[in-house]
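Working notes, structure below.
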Amino acid sequence: MGGRALAGGAGTGVEHQRLQGQLAALSDQFAAANEVLSAVGRSAGDPDKVLATVVESARRLCRSQAAQLYVLEGGYYRLIKVVGMSDEAIQYLAEHPIPVDRGTMVGRAGLDRTTQQIDDVLADPDYNRQDLQRVAGFRTTMGAPMLIDDEVVGALAVWRNEVSPFDQREQNLVTAFAGQAAMAVNSVKLVQQLEARGAELARKVGELEALREVGEAVNSSLDVTKVLSTIAKHAVRISATDGGSIMEYDQDQRCFLVRSVYQTAPRVIERLRTTRIHLDETLVGRAAKLGRPLAVPDLGAADLDPHLAVLYEAGWRSLVAVPLLREGQILGSLVVRRKRPGEFSAETLTLLEMFADQSTLALLNAQLFRELKQRSAELEVASRHKSEFLASMSHELRTPLNAVLGFSEVLLERMFGELNERQEEYLRDIHGSGKHLLELLNEILDLSKVEAGRMELEYSTFPLRRLLDNTASMLRERASVHGIELRVEIGPGIDEVYADELRLKQVVLNLMTNAVKFTGDGGTVVVRATRSGAEVHIAVTDNGRGVPPEDRERIFESFQQGGRGPSQEEGTGLGLTLSRRIVELLGGRMWLESEVGVGSTFGFSLRSREDEPRLDAARSVGAVVVIEDDRPSLDLITAYLSGAALRVTVAGDGQSGLDAVRRVRPAAVLLDIRLPGIDGWAVLQALKAEPGTRDIPVIVVSIVDERARGAALGAAAYLVKPVSRDALLHALTAVGAVADDKGEDQ
Amino acid sequence: MNPGRILVVEDNPKNLKLVRDVLQFSGYEVIEATSGEDGVRLAASEEPDLILMDLQLPGIDGAEALRRIRSGERTREVPVVAVTAFAMDHDRERAFASGFTGYVEKPISIRRLPQQIKDFLRLGGAT
């Protein structure tokens with residue numbers, strides 16, 4: 001209680017002097033207040049400047065050595081602004097703050113809520129901060145509380161280093177300054193509060209941003225495993241926990257199955273996967289049934305279900321189980337956990353719930369996708385089984401058919417005697433029906449091959465005109481019987497095409513056969529090839545009765561002949577289906593344009609010749625050109641060569657054979673003699689006459705044995721059909737097209 | 001003059017009869033076997049000039065019968081022609097890989113069979 005209340009000034013001397021002094025004091029005070037106000041006004045936007053001005057002005061106007069501004073925080077006065085103190089003293093004060101008690105000037109001013117002074121701290125019995133006094137060296141000190149709404153928020157203090165009490169004027173000044181400082185501090189607090197709120201907002205925005213990012217990551221995959229592990233990982237991240245797991249709910253077993261685990265020991269993962277997490281017996285189940293997150297702040301104090309027991313044993317101490325729900329249905333559960341016990345904030349639970357919502361949708365999508373994939377895999381297997389069944393069935397059917405065709409042929413050949421007219425007619429019927437059945441079987445087999453992905457295409461380059469002409473000539477006789485005109489029209493710029501010649505022919509033959517079949521007597525069938533950009537279009541147009549719109553898609557399905565009217569003969573009902581599939585396999589597409597009563601056009605596209613990769617002029621090692629027109633022989637040769645690491649180019653006649661050899665410059669040529677167009681002898685002569693092809697060895701493979709002639713024309717070897725695999729490979733090795741044991745190459 | 005002795009291995013009796021009748025008509029002598037085991041046995045005891053072997057047989061299949069024929073001292077060189085209804089390309093390739101001299105595709109052509117046999121016999125003689 002040593003603080004003496006300040007009484008009036010030193011009332012001595014003449015009245016005039018007193019008045020003069022008062023005037024000076026008033027004007028000082030006015031100047032001070034003015035200065036404070038103007039400082040505050042200048043730095044209105046910056047409370048820190050206001051406080052600095054306050055401290056500085058207080059020290060100067062109170063004629064003291066030091067001034068300090070404190071704020072009250074956590075029971076201590078903390079120095080926030082100071083002038084006139086040594087760094088050492090400031091440091092000391094920071095380390096030894098002033099408590100709220102009567103041991104200091106500041107403490108007393110706050111407790112009494114009045115401005116007061118201690119004339120000499122060394123003489124005051126209650127003063128107890130001699131330690132500070134020794135460091136700072138003050139003797140007389142005055143303090144004023146900073147009050148906001150009658151609450152002490154801090155204090156302003158000034159001191160003198162000698163014993164020299166402050167007068168009333170100075171007391172008033174300090175009080176006024178303390179008031180200003182309180183306002184400034186208050187505004188700082190408000191700003192800080194605002195800033196804190198802003199930071200909170202920023203944090204919220206950050207969380208939402210994270211949530212969005214997570215949602216995006218989770219939704220960007222349809223792979224269930226990946227989605228689940230992403231969810232687990234991000235859930236742990238946004239909840240700032242140490243690990244987590246995610247479970248899918250199995251409705252049949254009423255159990256949660258752990259699918260993905262994040263930051264957990266492998267041994268524990270294994271145990272989690274094998275633990276039965278039942279809907280009715282676990283915390284995870286309870287959270288799912290309640291439809292909200294359930295937290296366990298301390299596993300050590302909780303009832304442990306089997307799942308929690310595993311976690312507790314593994315050292316986990318707290319967790320939250322968040323159900324994954326969709327329209328009331330339980331899809332799974334998300335569990336995040338910590339290694340230490342502790343509450344989970346409401347914000348964390350809300351965040352996890354929001355996150356679970358997002359994750360559920362992603363999980364649902366991924367689950368549906370997985371199911372779809374499974375179904376389509378099953379369908380694929382079923383389809384393959386069907387194809388295999390068809391393949392083996394058609395094969396089984398061929399065996400008895402073999403006998404039907406064979407025996408009827410034997411009789412028709414009159415191997416065992418003459419036939420009467422009726423017998424011959426019936427035998428032709430038997431044979432014809434057998435043939436038809438065989439055709440059907442072949443198409444079923446082809447179709448099943450296409451569908452099983454087992455139709456192998458043999459690409460070669462050949463003139464389109466030859467194929468179309470050949471096909472047309474196969475039908476000419478049949479067409480002429482019905483007075484049907486058959487025309488082939490090839491547009492400009494179409495020469496060679498690159499495709500499987502036999503398969504392409506099969507398609508064209510099918511379309512033309514259909515056209516002839518469904519065109520009335522005296523009609524016209526035109527096959528037209530036109531160029532369309534990089535493609536060649538081949539279209540077969542008839543002027544039959546046309547296909548009604550409702551049948552235009554159905555007609556491509558198996559065993560559907562559509563409403564094309566009565567045909568002149570039976571078909572297999574598979575031709576169009578197969579044709580379209582072959583065209584698709586060749587990289588094209590098939591279409592139908594039709595008008596009832598006017599006619600139909602079945603067209604398809606084909607990649608043009610330019611798509612074929614060109615070869616360098618240099619002779620290709622390991623390439624063989626096979627010039628052969630007979631399909632079985634070709635099959636045999638390509639089968640023989642299939643194991644020999646050779647690239648085989650096939651040509652079906654002499655001219656395209658020549659072209660192929662010129663283009664490919666193979667290591668060897670296999671040449672048949674009986675060929676449509678220019679025959680094998682002419683091909684051989686031409687090859688040997690040209691400098692570019694002269695040195696390419698030619699192996700003649702023929703049914704006719706004219707070795708001498710072959711040798712005379714320059715054939716490297718001569719094989720008579722049927723050729724064995726060994727003989728063929730031996731010949732190819734001898735000419736150097738196939739590497740022999742010494743590894744020699746041409 | 002006897003143009004040759006042909007062993008036909010075929011389990012379907014009607015097809016066996018057909019091939020037999022056609023070959024006999026063309027003047028060949030025909031030995032019949034209805035299983036792979038029979039075929040291997042007859043190949044050794046009868047020493048045919050050519051064997052026509054169905055690929056799908058009860059018991060040991062055509063490929064196994066061929067392997068046994070090829071490992072027999074007296075039957076090592078005999079041409080063996082596969083009669084195949086395997087229309088799948090890879091099956092046919094497999095047949096060739098197992099070492100058949102050639103193949104005849106089912107249904108066999110009555111008109112072409114005698115000529116095909118003649119060609120294969122010539123090939124067998126040449127190697």
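So you know, we letter chains A, B, ... as the sequences are listed, proteins then strands, and number each from 1. Worth knowing before you read on, the calculation uses all heavy atoms, side chains too, and leaves out hydrogens, waters and symmetry mates.
When A:G434, A:G406, A:P400 are compared by the number of non-hydrogen pairs under 4.5 Å with chain B, A:G406 comes out ahead.
Residues A:V404 and B:K14 have side chains not in contact (no heavy-atom distance under 4.5 Å, counting atoms from C-beta outward).
Taking a 6.0 Å sphere around OH of A:Y459, one finds it holds more than 12 heavy atoms contributed by other residues, nucleotides or ligands. Counted within 6.0 Å of CZ on B:R70, heavy atoms from surrounding residues, nucleotides or ligands total more than 12; the atom is thus considered enclosed.
The closest donor-acceptor contact from the side chain of A:N402 to the backbone of B:I108 lies under 3.5 Å.
Taking all atoms of both residues into account, the shortest heavy-atom contact from A:E409 to B:I110 is OE2-N, 3.1 Å. What you find for B:K17 and A:F407 is that their closest heavy atoms are CE-CZ, 3.8 Å.
For chain B, the nearby part of A:L438 is the side chain; its heavy atoms alone come within less than 4.5 Å.
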Item checked: Check against side chain to side chain contact (heavy atoms under 4.5 Å, CB included), A:V410 and B:D21 -> CA-CA 9 Å; A:V410 164; B:D21 289 357; 5.8 Å; no
